[in-house]
2 protein chains.
Amino acid sequence: MVENEEVGNYYENKDRFYVAVDCIIFGFHEDELKLLLIRRMFDPCKGELSLMGGFLNKGESIEAAAERVLQELTGLENVFMEQIGIFGEVNRDPGERVLSAAYYALINSDDYDKVLAESHHAVWVPMKDIPELIFDHNLMVMIALKQLKRKASVEPIGFNLLPQYFTLPQLQTLYEAIFGETLDKRNFRKKVLSMDVFEKTDEKDKSNSKRGAFYYRFDYDKYNALMQNGSHFAL
Amino acid sequence: MVENEEVGNYYENKDRFYVAVDCIIFGFHEDELKLLLIRRMFDPCKGELSLMGGFLNKGESIEAAAERVLQELTGLENVFMEQIGIFGEVNRDPGERVLSAAYYALINSDDYDKVLAESHHAVWVPMKDIPELIFDHNLMVMIALKQLKRKASVEPIGFNLLPQYFTLPQLQTLYEAIFGETLDKRNFRKKVLSMDVFEKTDEKDKSNSKRGAFYYRFDYDKYNALMQNGSHFAL
DNA sequence: CGACGTAAGTGTTATTTTTACACCCATTGA
DNA sequence: TCAATGGGTGTAAAAATAACACTTACGTCG
């Protein structure tokens, strides 16, 4: 056991590693959950599909790096993002030993900078059509989806995938896409509205029906107040 | 955007980082959930309490590093361990920039190598008495406990904290310690036994009562078979 | 050797939550 | 004005959860 060593020496003989971040970027359109992937125009694995990634810089926290990488691709800031872990198998990147911290992000697919994304050769791929990705990216995606499923049922994060104003049919379709199962319309609405954190507007979305569906929005203030009192979000 | 660069160059100008692993080691004795912490006999933060940690080595996966570090302290192998994430704030370690992957482990407090642990100045500290630890270790502990709570209610991992043979009162006390709340004896036993994955033995533990409590063991084969059929563990 | 103390073990009922299920409504465009 | 389409609504059965109190086995001590 090391004792009484000087601080300077302590770290000196340790190995140092490249550290990357990779972003699993979820979006929701056309009633489907999708990932924003990039076609790599550079080595290694030029031409293949991968998650958007980048290297951690000196003086930058890992979280900040993830935010930067997301921003580089989408132009977005202040996005819901959560770490799913670090991947550190020795040969996960065949080029060099690189560790990668994976984060998933939930974005509203209307908002991102399409020109910027295009310059990175980004494409939206439905979850059910995700092909083989480079390195261990498929594993990352799998774990991210699992975490999203769990978390979405217990915390109000799904809304990050929708515009501020959304209809209940839209919300239901979203949750069906996340959970991968169909839900009963009446039970779903009952549950949603019983939480009393959704504010109904007078506006209707008539793009999907003659009758139109009312727009709602999620009321974060009400939500926070309720959480204080020991309530819990559940869908 | 980088295009058509050679592989060799690709990583060359990136920064490299020290990477550590820290272990949140849970144990259960005297009806309490405890952590195995070490009193640091070396700088930085000599004299203070911290998690058991160590540096990632070249050619070693992060998971392997976590297992090694746990083994160095307890002598144990094949222990239940799970990553809780990587911590990468710039100044989390005041000495140098070090990233740390945190893992929690569940061990049976009878089994570890006490001499080895003592040589590292290890001490068991009840969860409710955890003092201020070095760096961001308190944060790690908090997150680990949260994850343990969630996971223990949904997967049969709690048994890792008990000997192979245990009594139902013991099991209940364990879960009460994990969840931080008291449970109804009859409801608890009903739930446990209804899963039909516990095998009752003829032996009794008489250390806590005249009458004695029957020993049970968790039947992993039965459990796996049931999981195939879409059942779920729940406590 | 019998009374006592102690923790182990056992079922039932009320309440809450979850699931299943079918019809009318509002609006537009033909 | 009527046909087509997705939006919106309530109730009853079933399942899960929560609340609750007494008896039993066994060792100890008087």
Side-chain angles (χ1 to χ4, degrees), chain A residues 29-32 149 152-154 162-163 165-177 179-217 226 229-235, chain B residues 29-32 149 152-154 162-163 165-177 179-217 226 229-235:
Chain A
H29 26 167
E30 292 148 10
D31 295 357
E32 281 191 303
K149 274 186 186 175
S153 76
V154 127
L162 295 177
Y165 291 93
F166 52 84
T167 69
L168 295 189
Q170 249 184 303
L171 187 65
Q172 180 174 347
T173 316
L174 169 65
Y175 272 87
E176 289 177 336
F179 296 149
E181 59 186 67
T182 63
L183 302 172
D184 179 89
K185 188 171 32 160
R186 282 179 284 193
N187 293 338
F188 180 79
R189 297 171 75 99
K190 203 189 310 172
K191 221 170 185 179
V192 164
L193 296 175
S194 72
M195 279 187 284
D196 194 37
V197 288
F198 292 85
E199 192 179 293
K200 189 178 183 177
T201 70
D202 296 332
E203 308 292 309
K204 279 186 168 182
D205 167 25
K206 298 206 172 167
S207 60
N208 289 306
S209 73
K210 319 292 171 71
R211 180 180 181 174
F214 283 104
Y215 280 116
Y216 287 74
R217 66 175 198 87
L226 280 174
N229 307 355
S231 299
H232 289 288
F233 182 91
L235 272 186
Chain B
H29 26 166
E30 290 150 9
D31 294 358
E32 281 191 304
K149 274 185 187 177
S153 77
V154 128
L162 295 177
Y165 291 93
F166 52 84
T167 68
L168 295 188
Q170 248 185 303
L171 187 66
Q172 178 173 349
T173 315
L174 169 65
Y175 272 86
E176 288 178 335
F179 296 150
E181 59 185 66
T182 63
L183 302 171
D184 180 89
K185 190 176 24 163
R186 284 179 282 193
N187 294 337
F188 180 79
R189 296 173 74 100
K190 204 189 310 171
K191 222 172 183 176
V192 164
L193 296 176
S194 73
M195 279 188 285
D196 194 35
V197 289
F198 293 85
E199 192 179 292
K200 188 178 181 175
T201 71
D202 295 332
E203 308 293 309
K204 279 185 168 185
D205 167 26
K206 297 204 174 170
S207 60
N208 289 305
S209 72
K210 319 292 168 77
R211 181 179 181 174
F214 281 104
Y215 280 117
Y216 288 75
R217 66 176 199 85
L226 280 175
N229 307 356
S231 299
H232 289 288
F233 182 92
L235 272 186

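A note on names: the letters A, B, ... follow the listed sequences, proteins ahead of strands, and every chain is numbered from 1.
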Checklist line | Main-chain N/O of Asp31(B) paired to Thr173(B) side chain as donor or acceptor, under 3.5 Å | finding: no
Notebook entry, point to check: Expressed in angstrom and rounded to an integer, what is the separation of Glu181(B) atom CD from dA18(D) atom C1'?
Noted result: 13 Å
Item checked: Length of the CG-P vector between Leu171(A) and dG8(D), whole Å -> 12 Å
Next item on the list: Kindly check if the number of other-residue, nucleotide or ligand heavy atoms within 6.0 Å of CG (Asn229(B)) is above 12?
Entry: yes
Check: How many Å lie between CG on Asp184(A) and C1' on dG7(D), as a whole number?
Finding: 14 Å
Checklist line | dA18(D) base / Arg186(B) side chain donor-acceptor hit below 3.5 Å | finding: no
Next item on the list: Between dA26(C), dG8(D), dG9(C), spot the one nearest the side chain of Arg189(A), thanks.
Entry: dG8(D)
Margin query: Could you tell me how far apart Leu183(B) (CG) and dT17(D) (P) are, to the nearest whole angstrom?
Written below: 13 Å
Check: Do Asp205(B) and Tyr165(B) have side chains that get closer than 4.5 Å, going by heavy atoms?
Finding: no
Next item on the list: Please work out whether the ring planes of Phe166(B) and Phe198(B) are parallel, tilted or perpendicular, with thresholds of 30° and 60°.
Entry: perpendicular
Check: With distance as the sole test, does Glu199(A) use its side chain to make a donor-acceptor pair with the main-chain N or O of Arg217(A) at under 3.5 Å?
Finding: no
Notebook entry, point to check: Taking atom P of dG8(D) as reference, at what distance in whole Å does atom NZ of Lys206(A) sit?
Noted result: 12 Å
Notebook entry, point to check: Ignoring hydrogens and angles, does a donor from either the side chain of Asn187(B) or the base of dA19(D) sit under 3.5 Å from an acceptor on the other?
Noted result: yes
Notebook entry, point to check: Can you tell me how far P of dA16(D) sits from CG of Leu235(B), to the nearest Å?
Noted result: 15 Å
Item checked: Listed nucleotide nearest any side-chain atom of Arg211(B), set dT27(C), dA20(C), dA8(C) -> dA8(C)
Item checked: Closest to side chain of Ser209(B), choosing from dA8(C), dT18(C), dA25(D) -> dA8(C)
Note to self: Which is more 5' along DNA chain C, the nucleotide nearest Lys191(A) or the one nearest Lys200(B)? Just name the residue.
What the structure shows: Lys200(B)
Next item on the list: Just compare dC20(D), dC26(D), dG8(D) and give me whichever is closest to any side-chain atom of Pro169(A).
Entry: dG8(D)
Next item on the list: In whole angstrom, give the distance that lies between atom CG of Asp205(A) and atom P of dT5(D).
Entry: 18 Å
Checklist line | Lys190(B) (side chain) and dT12(C) (base): donor-acceptor pair under 3.5 Å | finding: yes
Margin query: How many whole angstroms separate atom OH of Tyr216(B) from atom C1' of dA8(C)?
Written below: 10 Å
Check: Relative to the 5' end of DNA chain D, which residue comes earlier, Lys185(A) or Lys210(A), by the nucleotide with the nearest heavy atom?
Finding: Lys210(A)
